[in-house]
Amino acid sequence: MFQSLEKTVQRAFQDHILARYGVAISVVIEQPKQTGFGELSVPAAFLLAKHLKQPPKKIASELVAEIGNLPGVAAMEIAGGGYINIRLDRAAYAEVLRHPPNADVSSAGKIVVEHTNINPNKAAHIGHLRNAVLGDTFVRMLRSGGQRVEVQNYIDNTGVQVADVVAGFHFLEKKTPDEVRALSEETRFDFLCWDLYARTSQNYKDNPETLAWRAETLHGIESGMGDLAEIGHLVADSIVQAHLKTMLRLGVTYDVLPRESEILHLKFWAAAYDLLKQAKAIYLEMEGKNAGCWVMPAAAFSADSEDNKVIVRSNGTVTYVGKDIAYQLWKFGLLGKDFFYRKLIAYDDGHEVWVTADHPAGPHPDFGHATRVYNVIDVRQSYLQDVVVAGLKALGAKAQAEESIHFSYEMVALSPRCCVDLGIDLSEEDRKRPYIEVSGRKGLGVKADDLIDKLIETALREVASRHPEDSPEKQRHISSQIAIGALRYFLLKYTRPTVIAFDFGEALSFEGETGPYVQYAAVRARNIMRKMAERGEAMPDFTAELPREAVGRQLASEDFWQMLLAASKADTAVEKAVAAGEPAHVARFAFQLAQTFNNFYHQFPILAEPDREKKVFLLWMTEYFRLQLDRTLAILGIEVPDFM
RNA sequence: GGGCGCGUAGCUCAGUUGGAUAGAGCAUUAGCCUUCUAAGCUAAGGGUCGCAGGUUCGAGUCCUGCCGCGCCUACCA
């Protein structure tokens with residue numbers, strides 16, 4: 001609503017300026033910081049002053065006098081050195097909010113968002129949570145704008161990390177596949193692997209000769225036969241299930257899990273290899289340190305670097321980047337091959353998750369064939385992402401290269417204080433650092449499920465003391481919703497390039513700029529309606545009891561108008577956040593919206609309001625706020641509890 | 001060495017393609033529960049936006065240089 005008005009005004013000024021002065025400038029529309037200056041502000045006169053060599057103030061008065069009436073605009077005035085401030089027709093504005101036009105569904109192509117991508121060899125940690133929550137929220141943002149989105153979660157089930165855990169079971173622990181299977185049926189297999197991974201890594205360090213285990217395990221896994229391969233499947237499959245379960249606690253779901261094993265078995269890489277060779281995107285290096293390797297020239301992906309990137313090692317095996325190029329080509333439907341698929345699980349709502357298979361397994365939905373791809377991967381992988389895009393470009397897929405977006409974000413690290421909380425000894429050197437990097441190899445990190453459990457316990461103490469009469473199950477459910485709200489908001493409120501130095505104190509806070517603060521506002525709005533029903537009052541019929549003139553009368557109050565205006569900008573905020581690729585902006589909007597509502601709530605006792613028209617209006621405002629809060633929270637993946 | 005990012009209140013962070021008096025939260029201080037739930041509200045203090053230049057009507061935002069911090073720069077993924 002607000003945005004379309006903004007566009008109308010923008011176009012009107014631009015056209016008028018072109019017709020009147022013959023100058024084609026791009027007119028900028030701003031929102032004045034001070035509410036007294038109206039709702040929109042046009043600084044175009046400053047820009048024109050330069051072209052016309054006339055004082056901005058004079059031009060501004062000409063514009064205002066000559067542009068005529070604009071729809072939805074009540075008044076225009078000149079302020080400061082030449083700003084044109086615009087005041088909207090409040091009643092007309094509210095009228096549109098009450099009868100919103102149907103949103104159009106985008107007919108554009110499918111967007112693929114790839115996120116989570118956790119190595120299936122250990123429990124998920126907070127760093128993985130940032131990835132998943134960022135990706136999931138961006139998906140929700142895109143979908144709210146009518147986009148068709150497919151969520152992919154890439155599973156590297158044949159890589160070194162899985163191999164190291166397999167080696168740990170086989171060589172270090174001397175476990176048979178059956179014994180590992182028995183262990184995997186224990187509740188915390190992902191935690192067990194977390195420790196084993198750290199132990200195996202330490203063992204490599206202490207006894208470097210045991211690194212031979214890794215090579216042997218990788219071969220075993222690749223051959224697909226024998227104990228090592230069997231343990232490999234057991235570990236990867238059962239850890240993937242654990243990750244899906246962890247992510248579901250946060251409301252994060254997927255459509256398809258493409259696996260590295262199928263990239264290899266279905267010869268995706270072989271196909272990409274041929275394409276790359278044909279296009280001369282890679283060449284066989286004859287001399288130097290990379291002799292015998294197929295490399296991509298540095299010039300393709302980096303302006304300055306002289307280091308070519310090895311795609312195929314001298315022993316003939318492909319690097320991770322090579323496989324990633326093949327995968328990226330498939331996402332766009334450029335590889336000329338497709339996976340087979342089988343259904344992995346269905347969520348309670350019926351939504352199905354599919355996983356790739358290496359042999360036909362019946363009918364399946366269409367996957368891939370994206371027109372745009374977002375890869376949610378942390379910023380440390382920028383170099384590799386550049387190589388992948390360069391690969392696409394070299395193959396002549398210029399358009400797809402431009403639609404390959406590295407949705408990067410900074411890591412989650414541990415604050416020094418957090419390390420102390422976890423009982424981790426820090427070296428003198430580390431203690432001086434602003435934050436400590438999480439390391440799966442060292443077992444250094446905060447496990448996702450541990451953190452969620454801790455959040456739930458914290459919330460439960462509060463819920464139990466506020467609502468002792470409710471059942472323990474209900475209390476736990478509410479606490480869980482609050483915990484997830486707190487966690488998702490915490491991970492989303494930082495902009496992508498900001499390193500999160502994780503700190504239990506801040507993550508466990510439910511006050512101030514937090515998820516529960518926003519949830520609380522939504523709960524309060526609902527409580528008003530509930531209280532009214534309890535008192536036997538019916539919800540008024542707004543169309544009958546609140547005609548346009550009445551809304552106009554009430555909106556004459558500056559407070560009401562400003563509040564309504566703020567609440568009506570939800571769509572605009574999400575749209576801008578999508579354009580900026582920044583979920584944090586949605587989080588911030590949600591917080592501001594909640595602040596505005598809390599203000600409204602505190603300032604105007606609604607049920608006790610004696611004036612009928614005003615009371616009905618206040619109820620309508622409450623209902624509008626509630627709707628906007630619910631919608632915005634849903635985009636953030638945060639549920640509104642029944643009570644708090 | 002090169003590339004990317006960061007430096008804004010005591011702390012943690014926002015700040016859209018340059019706009020009017022630089023904003024939140026936490027912490028501190030002082031108030032507000034007989035009212036639709038105080039996970040809330042009101043108010044106060046707290047800033048040479050790393051430093052130095054430049055561009056212009058206007059710079060936290062753009063350009064250059066410098067200082068400090070982090071990440072990347074593998075035949076690991």
Side-chain angles (χ1 to χ4, degrees), chain A residues 26 28 30-34 37 41 43 46 49-50 55-56 79-83 85 119 156 159-162 214 260 285 289-295 302-307 309-315 317 319-321 323-324 378-384 386 408 410-411 413 415 433-435 437 459 462-463 466-467 482 486 493-501 503 505-506 509-514 516-517 519-521 523-525 527-532 535 576-577 579-580 582 584-585 587-588 591-592 595 598-599 601-609 618 622 643-644:
Chain A
S26 90
V28 174
E30 293 165 2
Q31 295 172 40
K33 280 181 188 156
Q34 276 179 290
F37 290 156
S41 177
F46 294 111
K50 217 176 294 179
Y83 283 98
N85 291 335
N119 272 300
D156 181 4
V160 170
Q161 294 212 22
V162 169
R214 178 186 282 171
E260 183 153 285
E285 184 68 76
K289 59 174 183 172
N290 292 334
C293 299
W294 284 84
V295 302
S302 164
D304 300 303
S305 171
E306 287 154 23
D307 285 332
K309 179 67 197 170
V310 172
I311 305 296
V312 178
R313 303 183 186 99
S314 53
N315 66 6
T317 58
T319 59
Y320 171 76
V321 195
K323 285 177 275 195
D324 215 14
D378 79 60
V379 71
R380 289 171 292 188
Q381 314 248 13
S382 296
Y383 171 70
L384 297 175
D386 287 348
S408 72
E410 262 291 357
M411 62 183 162
S415 68
R433 293 169 165 273
Y435 44 79
E437 200 169 340
E462 191 69 26
V463 171
R466 288 169 187 238
H467 305 280
I482 293 168
K493 73 183 201 180
Y494 300 92
T495 52
R496 285 161 46 202
T498 300
V499 177
I500 299 180
D503 182 278
E506 279 180 47
S509 165
F510 296 156
E511 287 167 21
E513 197 195 340
T514 65
Y517 175 94
Q519 289 173 309
Y520 190 59
V523 166
R524 281 176 140 182
N527 275 351
I528 293 172
M529 304 306 173
R530 188 163 65 195
K531 202 78 178 181
M532 188 171 65
R535 292 181 185 181
K576 286 186 176 173
E582 194 54 272
H585 292 165
R588 186 154 283 267
F591 175 64
Q592 284 165 349
Q595 265 187 323
N598 274 334
N599 212 296
Y601 178 93
H602 187 260
Q603 215 174 326
F604 305 102
I606 295 161
L607 299 181
E609 173 57 46
L618 289 171
T622 305
F643 56 80
M644 280 178 80

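In what follows, every chain begins at residue 1, and chains take the letters A, B, ... in the order their sequences are listed.
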#### Entry: Base partner of B:rC62, which must satisfy Watson-Crick or wobble distances under 3.5 Å
B:rG54

#### Entry: Assigned partner base of B:rG31, Watson-Crick or wobble definition, under 3.5 Å
B:rC41

### Task
Remember a base hit wins even if backbone is also touched, and classify A:Asp324 as base, sugar-phosphate or nothing at under 4.0 Å, heavy atoms.
nothing

### Query
Is it true that a side-chain atom of A:Lys493 and a backbone atom of A:Glu513 form a donor plus acceptor pair closer than 3.5 Å?
yes

Check nucleotides 58-61 of chain B against the protein and report each pair of N or O atoms closer than 3.5 Å, with its distance, or say if there are none.
none

#### Entry: Spacing of A:Gln381 atom CD relative to B:rC71 atom C1', expressed in whole Å
12 Å

### Message
Which nucleotide wins on minimum distance to the side chain of A:Asn599, given the candidates B:rC71, B:rU16, B:rC41?
### Response
B:rC41

### Task
Could you tell me the separation between the CD atom of A:Glu30 and the C1' atom of B:rG18, rounded to a whole number of Å?
9 Å

### Residue closer to the 5' end of RNA chain B, A:Gln31 versus A:Lys323 (nearest nucleotide)
A:Gln31

### Query
Does A:Arg433 place a side-chain N or O at less than 4.0 Å from the phosphate oxygens OP1/OP2 of B:rC71?
yes

### Query
Closest to the A:Tyr320 side chain: B:rA77, B:rU73, B:rC71?
B:rA77

### Task
Scan every strand shown for a Watson-Crick or G-U wobble partner of B:rG10, both distances under 3.5 Å, and answer none if you come up empty.
B:rC26

#### Entry: A:Glu506: partners by salt bridge (Lys or Arg N to Asp or Glu O under 4.0 Å), with sequence neighbours left out
none

### Message
Expressed as a whole number of angstroms, how long is the span from A:Asp378:CG to B:rC71:P?
### Response
12 Å

### Pairwise P distance, B:rU55 and B:rU12 [rounded to whole Å]
36 Å

### Query
With A:His602, which residues qualify under ring pair (Phe, Tyr, Trp, His ring centres under 6.0 Å), at least two apart?
none

### Task
Before giving the answer on side-chain hydrogen bond (donor to acceptor under 3.5 Å, both in side chains), spell out for A:Asn527 and A:Arg524 the whole-Å C-alpha distance, their side-chain angles and the decisive distance to 0.1 Å.
CA-CA 5 Å; A:Asn527 275 351; A:Arg524 281 176 140 182; over 6 Å; no

### Query
With A:Lys531, which residues qualify under side chain to side chain contact (heavy atoms under 4.5 Å, CB included), at least two apart?
A:Glu534, A:Arg535, A:Leu607

### Task
Rounded to the nearest angstrom, tell me the gap between atom OH in A:Tyr435 and atom P in B:rU12.
12 Å

### Message
At 4.0 Å (heavy atoms only), tell me whether A:Ala486 reaches a base, stays on the sugar-phosphate, or touches nothing.
### Response
nothing

### Query
If you measure from the P atom in B:rC51 to the same atom in B:rG10, how many Å do you get, rounded?
14 Å

### Task
Check whether any side-chain heavy atom of A:Leu384 lies under 4.5 Å from a side-chain heavy atom of A:Gln381, and answer yes or no.
yes

### Task
Using the P atom on both, measure B:rG40 against B:rG1 and round to a whole Å.
48 Å

### Task
Taking the side chain as every heavy atom from C-beta outward, state whether A:Glu260 and A:Lys323 have any atom pair closer than 4.5 Å.
yes

### Task
For B:rU8 and B:rC69, measure between their P atoms and round to the nearest Å.
15 Å

#### Entry: Residues in salt bridge (Lys or Arg N to Asp or Glu O under 4.0 Å) contact with A:Glu582, at least two apart in sequence or another chain
none

### Between P of B:rU16 and CZ of A:Arg496, the distance in whole Å
15 Å

### Query
Does B:rA20 have A:Tyr83 stacked on its base, where the ring centres are within less than 5.5 Å and the planes differ by under 30°?
yes

Using the 3.5 Å cut-off, write out each protein N or O paired with an N or O of nucleotides 66-68 of chain B and the distance between them.
none

### Query
In whole Å, what is the span from the CG atom of A:Asp386 to the P atom of B:rG2?
19 Å

### Those residues that, when tested against A:Thr319, pass side chain to side chain contact (heavy atoms under 4.5 Å, CB included) (two or more places apart)
A:Val310, A:Arg313, A:Val321

### Task
Quick one: label A:Val379 by what it contacts on the DNA or RNA (base, sugar-phosphate, nothing), any heavy atom closer than 4.0 Å.
nothing

### Query
Can you tell me how far CG of A:Leu618 sits from CD of A:Gln603, rounded to the nearest 0.5 angstrom?
10.5 Å

### Query
Hey, what do you get for CE (A:Met532) to OG1 (A:Thr622), rounding to the nearest 0.5 Å?
9.0 Å

### Task
Using the P atoms only, state how far B:rG2 lies from B:rU21, rounded to an integer number of Å.
41 Å

### salt bridge (Lys or Arg N to Asp or Glu O under 4.0 Å) partners for A:Glu410, two or more places apart
none

### Query
Would you say a side-chain N or O of A:Ser382 is under 4.0 Å from OP1 or OP2 of B:rU73?
no

### Message
Applying ring pair (Phe, Tyr, Trp, His ring centres under 6.0 Å), can you list everything that pairs with A:Tyr435, at least two apart in sequence or on another chain?
### Response
none

### Message
Using atom C1' in both nucleotides, what's the gap between B:rU29 and B:rG68 to the nearest angstrom?
### Response
34 Å

### Query
Under 4.0 angstrom, heavy atoms only, what part of the nucleic acid is A:Asp503 near: base, sugar-phosphate, or nothing?
nothing

### Summary
Taking a pair to mean Watson-Crick or G-U wobble geometry with both distances below 3.5 Å, B:rC75 pairs with none

### Query
If you take all heavy atoms of A:Arg496 and A:Ala580, which pair is closest and at what distance?
NH1-O, 4.4 Å

### Query
For B:rC69, which nucleotide is its Watson-Crick or G-U wobble mate, given both distances must be under 3.5 Å?
B:rG5

### Summary
A:Phe643 meets the ring pair (Phe, Tyr, Trp, His ring centres under 6.0 Å) criterion, sequence neighbours left out, with A:His467

### Summary
Paired to B:rU21 by Watson-Crick or G-U wobble criteria (both distances under 3.5 Å) is none

### Summary
Scanning all shown strands, the Watson-Crick or wobble mate of B:rU16 with both distances under 3.5 Å is none

### Message
Mind checking if A:Ser408 touches a base, just sugar-phosphate, or nothing, with heavy atoms under 4.0 Å?
### Response
nothing

#### Entry: Whole-Å P distance, B:rA24 and B:rC41
13 Å

### Query
Taking the P atom of each, how far is B:rA27 from B:rU42, in whole Å?
16 Å

### Message
In this structure, how many angstroms lie between the C1' atom of B:rC75 and the CZ atom of A:Arg214, rounded?
### Response
14 Å

### From B:rC71, B:rA77, B:rC69, nucleotide with atom closest to A:Asn119 side chain
B:rA77

### Nucleotide B:rG23, atom P - distance to CZ of A:Arg588 in whole Å
13 Å

#### Entry: Protein-to-nucleotide contact annotation, 5' to 3' order, nucleotides 25-40 of chain B [B base; S sugar-phosphate only; - none; under 4.0 Å, heavy atom]
SS---------BBSBS

#### Entry: Assigned glycosidic conformation for B:rC63 [threshold 90° from 0]
anti

### Summary
By nearest-heavy-atom nucleotide on RNA chain B, the more 5' of A:Asn85 and A:Glu410 is A:Asn85

### Test ring pair (Phe, Tyr, Trp, His ring centres under 6.0 Å) applied to A:Phe591 - qualifying residues, sequence neighbours left out
A:Tyr517

### Task
Output yes when at least one side-chain N/O atom of A:Thr495 is less than 4.0 Å from OP1 or OP2 of B:rA14, else no.
yes

